[in-house]
Asks: 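Could you have a look at this structure, given as structure tokens, before my questions?
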There are 2 protein chains.
Amino acid sequence: MNEDTTKSEAKREEFAGRLSDFAYEALRDQLARGAFKPGTKLPIRTVAEVHSVGSTPAREAINRLVVEGALVMAGPKTVIVPFLTLEALYEITQMRLALEGLASARGCRTVTDVTISKLLFLQDKISLSLDEKRYADALYDNKEFHFTIYRLCAMPHLLAVIENLWLRVGSSFHDLYPEFAEQRYGVHNHMMAIEALVERDADSLRAAVENDIRDGFRRLKKAALLRYPGGAIPGS
Amino acid sequence: MNEDTTKSEAKREEFAGRLSDFAYEALRDQLARGAFKPGTKLPIRTVAEVHSVGSTPAREAINRLVVEGALVMAGPKTVIVPFLTLEALYEITQMRLALEGLASARGCRTVTDVTISKLLFLQDKISLSLDEKRYADALYDNKEFHFTIYRLCAMPHLLAVIENLWLRVGSSFHDLYPEFAEQRYGVHNHMMAIEALVERDADSLRAAVENDIRDGFRRLKKAALLRYPGGAIPGS
DNA sequence: CGTTGATATTTGTTACAACAAAAATCACAA
DNA sequence: TTGTGATTTTTGTTGTAACAAATATCAACG
């Protein structure tokens with residue numbers, strides 16, 4: 001655990017539902033935001049105390065994230081935030097290309113004007129966030145942009161798998177925002193995607209989405225190599 | 001639970017490792033084999049008793065399978081073996097086409113003669129099993145055939161996701177063996193795949209694998225519709 | 001200064017019990 | 001027979017404690 005994990009007893013008290021879900025969502029959001037440095041250990045009792053839940057819900061939340069691949073076991077009794085090797089990042093990127101390409105191509109024909117308006121609105125927000133160097137906001141709306149497209153295909157199981165892939169790479173963004181986002185990443189690809197949607201051109205849409213994913217991979221790779229000059233990011 | 005779940009205290013006693021893992025593997029193998037009828041309820045205490053473990057490991061095993069999508073929640077307190085709707089089956093098939101196509105195309109160039117021999121051997125076993133109507137054995141070796149190809153690409157994360165997709169459709173095979181396997185399903189596609197590997201032709205290999213997946217989907221659909229004439233298999 | 005080995009601490013695992021909520025049962029009425 | 005409502009049973013959730021195993025600590029030694 002690290003400095004970012006402040007006791008959130010207040011939030012927990014107003015949370016309706018299972019404590020396991022509360023702990024899971026709290027941890028997952030932190031991971032997606034890159035709040036943890038790769039390698040950070042997450043012991044049950046610490047997670048339990050930080051989020052003001054018993055050890056059973058804490059254990060359950062951690063286990064779930066391990067099953068989803070968002071956390072990994074570094075020993076028989078140690079769960080850590082994963083270091084993503086370049087190989088692993090590449091694999092996940094290949095899966096993203098295949099599945100997000102599929103989702104966007106499938107959804108293209110069902111697009112409506114309100115969706116296109118929403119995408120334009122989101123793209124404006126992203127640009128503004130980048131201008132003001134609010135990288136976390138930009139990343140959040142970037143995700144919303146993508147999933148607004150993917151939701152068009154109405155394939156919930158596919159969506160769930162894609163969401164899982166995003167979660168897995170999320171933890172790699174720790175402290176990489178500036179380098180990652182510096183060059184207005186994605187703006188051009190996003191506009192291409194919107195144009196493809198306007199024209200109901202599934203092939204163009206898929207191409208734009210794939211370009212965006214490849215672009216993101218290159219940028220993330222570059223930013224990571226800048227921080228871990230050894231070559232590959234160690235671990236897995 | 002049903003007739004197939006006999007107390008397996010003996011196996012549990014000789015099992016080294018966490019009881020959660022023991023319970024998980026036991027349940028998962030039953031699911032993959034289609035041992036449960038869709039809709040079967042799996043209460044914690046029952047699973048615990050059947051596999052001779054406490055309720056904590058049983059709960060953990062069930063939760064893990066729910067996260068993996070192999071079991072689903074039918075109510076706030078009820079976990080069941082999922083009914084697979086035609087829509088869900090179609091979605092998973094689309095993902096399989098994308099990911100297993102990716103894996104086979106990537107692995108094609110690294111194939112060796114020993115792998116090809118293994119595939120020929122497996123295909124012989126499959127044919128023999130079908131001759132003798134040992135459908136479960138045929139299905140087992142069919143899986144081994146596919147994953148022998150997929151392992152060639154050396155992408156463990158991709159493999160894990162594919163394995164998960166197989167697990168999710170596994171439970172739909174309950175009592176469908178005869179209809180599903182009757183027409184020597186897959187023989188031709190498998191031979192095409194082997195020939196493509198011999199020629200190191202990635203495109204042909206991908207095509208053969210995709211054909212096999214589509215064929216399986218059609219057969220499963222036909223067999224399921226035969227049993228649930230209403231149209232779609234209800235639930236999710 | 002680095003290694004090794006023993007000791008102390010931390011940590012995951014599991015069983016269990018109490019509680020609240022959901023699901024099943026059953027009787028009764030339409 | 002069917003729907004409905006109350007009652008009984010089942011079931012998931014959570015906290016806790018005991019245990020064993022792994023990890024961290026630290027001192028002695030090369």
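Computation of the quantities below employed the complete heavy-atom set of this structure, encompassing side-chain atoms and omitting hydrogens, waters and symmetry-equivalent molecules. All values reported here derive from a predicted model rather than from experimental measurement. Order of the sequence lines sets the chain letters (A, B, ...), proteins ahead of strands, with each chain counted from 1.
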Asks: Indicate whether the side chain of B/Glu60 and that of B/Tyr24 have a donor and an acceptor atom separated by less than 3.5 Å.
Replies: no
Asks: Check whether any side-chain N or O of A/Lys77 sits under 4.0 Å from OP1 or OP2 of D/dA24, and answer yes or no.
Replies: no
Asks: DNA chain C: B/Arg45 or B/Thr56, which has the more 5' nearest nucleotide?
Replies: B/Thr56
Asks: Map B/Pro76 and A/Pro57 onto DNA chain D by nearest heavy atom, then report which one ends up closer to the 5' terminus.
Replies: B/Pro76
Asks: To the nearest angstrom, how far is A/His51 atom NE2 from D/dT14 atom C1'?
Replies: 18 Å
Asks: Which of these, A/Val111, A/Val114, A/Ile149, sits in a side chain to side chain contact (heavy atoms under 4.5 Å, CB included) with A/Leu119?
Replies: A/Ile149
Asks: Separation of A/Ile80 atom CD1 from D/dA24 atom P, in whole Å?
Replies: 12 Å
Asks: Measure from CZ on A/Arg18 to C1' on D/dG15 and round the result to the nearest Å.
Replies: 17 Å
Asks: Whole-Å distance between D/dA17 C1' and A/Ile44 CD1?
Replies: 15 Å
Asks: Rounded to whole Å, please give me the gap between CD in A/Glu49 and P in D/dT16.
Replies: 13 Å
Asks: Quick check for you: to the nearest 0.5 Å, what is the distance between A/Met95 atom CE and A/Asn164 atom CG?
Replies: 8.5 Å
Asks: Atom CG of B/Leu19 to atom C1' of D/dC19: distance rounded to whole Å?
Replies: 13 Å
Asks: Working to the nearest 0.5 angstrom, can you tell me the gap between A/His157 NE2 and B/Gln94 CD?
Replies: 14.0 Å
Asks: Under the side chain to side chain contact (heavy atoms under 4.5 Å, CB included) test against A/Ile80, which residue among A/Leu71, A/Thr40, A/Leu42, A/Val72 passes?
Replies: A/Val72
Asks: So what does A/Ser55 touch, heavy atoms closer than 4.0 Å: a base, only the sugar-phosphate, or nothing?
Replies: base
Asks: Any salt bridge linking A/Arg214 with A/Glu210? Criterion: basic side-chain nitrogen under 4.0 Å from a carboxylate oxygen.
Replies: yes
Asks: Which nucleotide span of DNA chain C, 5' end to 3' end, has atoms closer than 4.0 Å to non-hydrogen atoms of chain B?
Replies: C/dT13 to C/dA24
